[in-house]
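Taking it in order: structure first as structure tokens, then the write-up.
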Amino acid sequence: RLARFVAVIAVADPKSGDVRVSEGEVRGLIADEPRGEGGFGYDPIFWVPHHSVTMAELPEHQKHIISHRGIAAANARQVLKELLHAHRQADATYSRDA
């Protein structure tokens, strides 16, 4: 009865066309019965062993910390920072050579 939530975000570099993928994952179990009022979809039956509750029972701030979407977004943010840095360096080099 293993379960997991997975989120994937693709970031495409507009100059090179390269695509980088960031992923987030939360592993858990399928609960015997639904519990909790928070969240939506499968949250009431997604048991989070580290917290001994279903995803629907977690307080919002805790849920955001372990969320598959939040993890994927944080990873995508890093990808965007790296792309921005690379493009700024390339533009600065181009400006100096012109």
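Nearest heavy-atom pair, Val19 versus Ala12, reported as atom, atom and distance to 0.1 Å: CG2-CB, 4.1 Å. Taking each heavy atom of Ala3 and Ile30 in turn, the nearest pair found is CB-CG1, 3.8 Å. The two residues Gly39 and Lys63 make their nearest non-hydrogen contact at CA-NZ, 3.2 Å. Between Gly28 and Phe46, the shortest heavy-atom distance links the atoms N-CZ, 3.5 Å.
When atom types are taken as modelled, the side chain of Asn75 and the backbone of Ala72 share no donor-acceptor pair closer than 3.5 angstrom.
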Does the pair Ile71 and Glu23 meet the rule for a side-chain contact (heavy atoms from CB on, under 4.5 Å), with working shown? CA-CA 7 Å; Ile71 294 167; Glu23 209 173 302; over 6 Å; no
For the pair Met55 and Val26, evaluate side-chain contact (heavy atoms from CB on, under 4.5 Å) and give the outcome as yes or no after the intermediate values. CA-CA 10 Å; Met55 195 68 102; Val26 179; 4.0 Å; yes
Check the pair Arg35, Thr54 against side-chain contact (heavy atoms from CB on, under 4.5 Å), reporting the backbone distance first and the verdict last. CA-CA 6 Å; Arg35 288 180 29 189; Thr54 66; 3.9 Å; yes
Quick one, Val11 with Leu80, criterion side-chain contact (heavy atoms from CB on, under 4.5 Å). Give me CA distance, side-chain angles, the key distance, then yes/no. CA-CA 8 Å; Val11 178; Leu80 291 168; 3.5 Å; yes
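With sequence neighbours excluded, the residues forming a salt bridge (Lys or Arg N to Asp or Glu O under 4.0 Å) with Glu25 are Arg4, Arg27, listed by chain and number. In terms of the side-chain contact (heavy atoms from CB on, under 4.5 Å) criterion, residue partners of Pro49 (sequence neighbours excluded) are, by chain and number, Leu29, Trp47. In terms of the side-chain contact (heavy atoms from CB on, under 4.5 Å) criterion, residue partners of His51 (sequence neighbours excluded) are, by chain and number, Val48, Val53, Leu58, Gln62, Ile66.
Taking OG from Ser22 and CZ from Arg77, the interatomic distance works out to 13.0 Å, rounded to the nearest 0.5 Å. The OG atom of Ser52 lies 10.0 Å from the CD atom of Glu57; values are rounded to the nearest 0.5 Å. Distance check: Gln89 CD to Leu84 CG gives 10.5 Å after rounding to the nearest 0.5 Å.
The side-chain heavy atoms of Asp32 and Arg1, taken from C-beta on, include a pair separated by under 4.5 Å.
Ion pairing of Asp13 with Arg20 is absent here, as no side-chain N (NZ or NE/NH1/NH2) approaches a carboxylate O to less than 4.0 Å.
In the hydrophobic clustering of ILVMFWY residues, with side-chain heavy atoms under 4.5 Å counting as a link, Phe5 and Ile65 come out together.
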